[in-house]
Amino acid sequence: MKNPRIIVIGTGIGGSGAAALLAKAGADVMVFENSGRIGGKTGAIDKDGFNVEVGAHISPRSHKGPLGDLARAAGFPLEFYSRYPILTFFYDGKKKLIGPNLGSPMNLLRFALLFKPRGSYLGLLRFFLKMRSFKSEEDVKPLLGVPALTFIREYIKEPNLLSFMQFVAGMMFTLAPENSSAAYFLWCFARWFEAGASGYPVGGYGIIPRSCMDICEAHGGTVHLSEGVKRIVVENGKVTGVETSQGFYPADVVVSNAGIARTIELAGREHFPDTDGKNPDKLADSEGNIILQYGLDGYKPLETPTCIYMQKDASISRLIKKMRNNEDIEDAIGVFFASPTVADPSLAPPGKHVLLAVTFAPADMLDHERNQRYLDALEKKTFEVFPGMEKHILWKRAREVGYFAGQAGKRISGTVGMAQSWENDFVDRSPRQPVEGLYVAGTDTGGINIGTEAAAVSALVTARMVLEDHPVK
Ligand SMILES: Cc1cc2nc3c(=O)[nH]c(=O)nc-3n(C[C@H](O)[C@H](O)[C@H](O)COP(=O)(O)OP(=O)(O)OC[C@H]3O[C@@H](n4cnc5c(N)ncnc54)[C@H](O)[C@@H]3O)c2cc1C
């Protein structure tokens with residue numbers, strides 16, 4: 001019996017994680033990555049000695065969550081900066097520092113005092129008690145198919161607190177809360193609070209996929225960068241290999257990190273009966289992001305690796321609507337900032353810092369002019385939040401919404417891939433596909449989880465399933 005030949009498409013956390021685990025188990029693994037660098041949305045590049053992450057993240061559960069589990073299973077060290085204060089919160093001209101245990105009574109009180117939600121204290125308490133009662137995924141099943149906003153509104157009436165909760169729900173899945181799934185929102189929020197360990201990886205996010213690829217290569221795996229897969233070849237209901245610009249590569253197993261919808265396109269829709277709930281036209285992506293990256297000299301913008309700036313009445317729905325209508329967003333913009341050099345100063349030359357500024361944007365906003373208009377608005381807000389920063393900029397880079405789509409050869413650019421919406425609640429998110437030997441690893445198949453953590457869960461589950469179906473000697 002020969003060991004299975006496994007091809008992995010993509011090096012995001014889902015793809016690189018599965019590749020590491022499969023190579024470590026003894027499988028023969030070959031990885032193809034469309035872009036010239038490893039890591040997908042958690043990749044990083046070197047710019048003049050600065051480690052610049054292409055996304056901007058916060059880790060909800062750090063070492064206590066799936067990223068820690070993946071590192072332990074693959075066998076690489078992963079440390080998180082997870083201490084007080086982890087997050088700076090700017091709201092209505094006020095600033096609060098928040099610790100990693102977001103659900104602690106102290107942190108909740110800090111938030112509550114900012115909003116003074118006079119009429120909503122009881123509702124807020126009921127909301128948290130309800131959330132804490134969700135102990136298993138079975139408990140949230142009755143909420144499948146229900147929008148997150150419908151649930152939140154039942155408990156929280158005070159307008160400022162309501163807009164804050166909408167903002168949090170929107171941020172979690174990069175989706176307006178009227179579209180997000182209540183089951184996902186509550187389950188993820190409950191696990192986040194329960195772990196009490198928000199953090200930032202030391203070495204930056206790029207270290208996670210890079211370490212996974214190192215493990216894969218150390219166990220004989222090979223990685224082909226800038227060689228995208230054009231087609232997954234299927235014969236008689238079974239994968240036989242992939243085609244890239246360099247030709248055909250045979251395989252017994254293909255693990256795709258390209259997302260469910262794109263994988264269906266690569267393999268051919270005829271192999272995915274609609275009865276499986278996997279019609280790519282219906283598998284809408286989440287919304288997207290625009291990003292500014294700055295290298296700063298002699299200016300430390302934050303004391304915390306992460307920061308949220310929110311205006312009164314801000315909501316992702318309003319922001320996205322304004323962008324779709326090509327309107328001014330000055331009064332609606334909210335921003336997530338990350339400064340990885342706070343968690344790990346070695347990510348930049350001594351005395352220098354990286355600041356990443358991110359706001360939401362429609363996933364299909366692909367025209368350059370509109371992207372530029374809103375990147376300008378994002379920069380204006382960034383300079384307002386960090387006065388004096390302008391004079392310390394060594395370099396700046398901007399990422400339009402289409403950046404990640406371009407990298408992955410997709411049509412639109414959802415931040416987490418397939419939306420975690422109530423409409424997608426009933427889509428089969430199992431990594432196993434109806435084609436023999438074909439699996440999807442990544443956020444799309446990571447169960448009820450947040451972005452990077454979903455991708456890590458998916459890597460673990462996919463590797464286990466592949467090894468069950470195709471044992472290694
Ligand atoms: C700005 C931003 C902020 C975010 N904030 C957070 C956060 O705070 N917390 C959090 O947990 N998550 C966050 N996320 C989401 C998180 O980054 C993603 O959900 C997760 O990293 C996706 O991992 P993945 O394995 O599914 O795939 P991806 O990272 O999307 O990687 C897929 C890889 O596959 C490659 N690929 C695709 N098609 C092909 C092909 N045909 N051939 C070869 N290669 C191919 C792509 O080039 C890419 O490298 C954020 C994302 C962004 C962009």
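Counting starts at 1 for both ligands and their atoms, following the listed order. Just so you know, residue 1 is the first one in the sequence shown, and it goes up from there. Because the structure is a prediction, the values reported are computed rather than measured.
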Numbering as shown, the atoms of ligand 1 that approach [X] to under 4.0 Å (heavy-atom distance):
{"X": "Gly40", "answer": "29 (O), 31 (O), 48 (C), 49 (O)"}
{"X": "Phe404", "answer": "53 (C)"}
{"X": "Thr42", "answer": "21 (O)"}
{"X": "Ile291", "answer": "1 (C)"}
{"X": "Gly10", "answer": "33 (C), 34 (O), 35 (C), 44 (N)"}
{"X": "Gly442", "answer": "25 (O), 26 (O)"}
{"X": "Thr443", "answer": "18 (C), 19 (O), 20 (C), 22 (C), 23 (O), 26 (O)"}
{"X": "Gly14", "answer": "25 (O)"}

Whether the [X] and [Y] side chains hold a donor-acceptor pair (N or O, under 3.5 Å, no angle test) is what I'd like checked.
{"X": "Thr304", "Y": "Thr88", "result": "yes"}
{"X": "Asp425", "Y": "Ser181", "result": "yes"}
{"X": "Tyr374", "Y": "Glu379", "result": "no"}
{"X": "Gln420", "Y": "Asn424", "result": "no"}
{"X": "His368", "Y": "Glu400", "result": "yes"}
{"X": "Asn371", "Y": "Arg399", "result": "no"}

Identity and distance of the protein heavy atom lying nearest [atom]:
{"atom": "atom 42 (N) of ligand 1", "value": "Val229 N, 2.9 Å"}
{"atom": "atom 51 (C) of ligand 1", "value": "Thr415 CG2, 3.2 Å"}
{"atom": "atom 31 (O) of ligand 1", "value": "Gly12 CA, 3.4 Å"}
{"atom": "atom 37 (C) of ligand 1", "value": "Ala408 CB, 3.5 Å"}
{"atom": "atom 46 (C) of ligand 1", "value": "Glu33 OE2, 3.5 Å"}
{"atom": "atom 40 (C) of ligand 1", "value": "Ile9 CG2, 3.5 Å"}

>> If you apply the rule salt bridge (charged side-chain N to carboxylate O under 4.0 Å, His left out), what do you find for Glu468 with Arg464, and how did you get there?
In response: CA-CA 6 Å; Glu468 272 167 22; Arg464 196 195 66 224; 3.4 Å; yes
Tell me the nearest of [options] to [atom], using heavy-atom distances.
{"atom": "atom 30 (O) of ligand 1", "options": "Glu53, Arg37, Lys41", "result": "Lys41"}
{"atom": "atom 32 (C) of ligand 1", "options": "Thr306, Asn257, Ile38, Asn289", "result": "Asn257"}
{"atom": "atom 14 (N) of ligand 1", "options": "Glu227, Glu453, His57", "result": "His57"}

Which part of [X] is near ligand 1, with near meaning a heavy atom under 4.0 Å away: side chain, backbone, both or neither?
{"X": "Asn34", "answer": "both"}
{"X": "Ala56", "answer": "backbone"}
{"X": "Phe336", "answer": "neither"}

> So, for Phe80 and Gly199, which heavy atoms are closest and what is the spacing to 0.1 Å?
Replying inline: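 Distance-wise, the nearest heavy atoms are CD2-C, 4.3 Å.
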Can you confirm, on distance only, whether ligand 1 has an N/O atom lying under 3.5 Å from any N/O atom belonging to [X]?
{"X": "Gly228", "value": "no"}
{"X": "Ala441", "value": "no"}
{"X": "Ile58", "value": "yes"}

> Out of Glu243, Glu227, Arg5, which residue meets the side-chain hydrogen bond (donor to acceptor under 3.5 Å, both in side chains) rule with Tyr249?
Replying inline: Glu227
> Do Arg191 and Glu137 sit within salt-bridge range, that is, some charged N less than 4.0 Å from a carboxylate O?
Replying inline: no
>> Could you walk me through whether Lys238 and Asp252 satisfy the salt bridge (charged side-chain N to carboxylate O under 4.0 Å, His left out) test, starting with their C-alpha distance in whole Å, then the side-chain angles of each, then the deciding distance to 0.1 Å, before giving a yes or no?
In response: CA-CA 8 Å; Lys238 194 173 174 306; Asp252 305 300; 5.1 Å; no
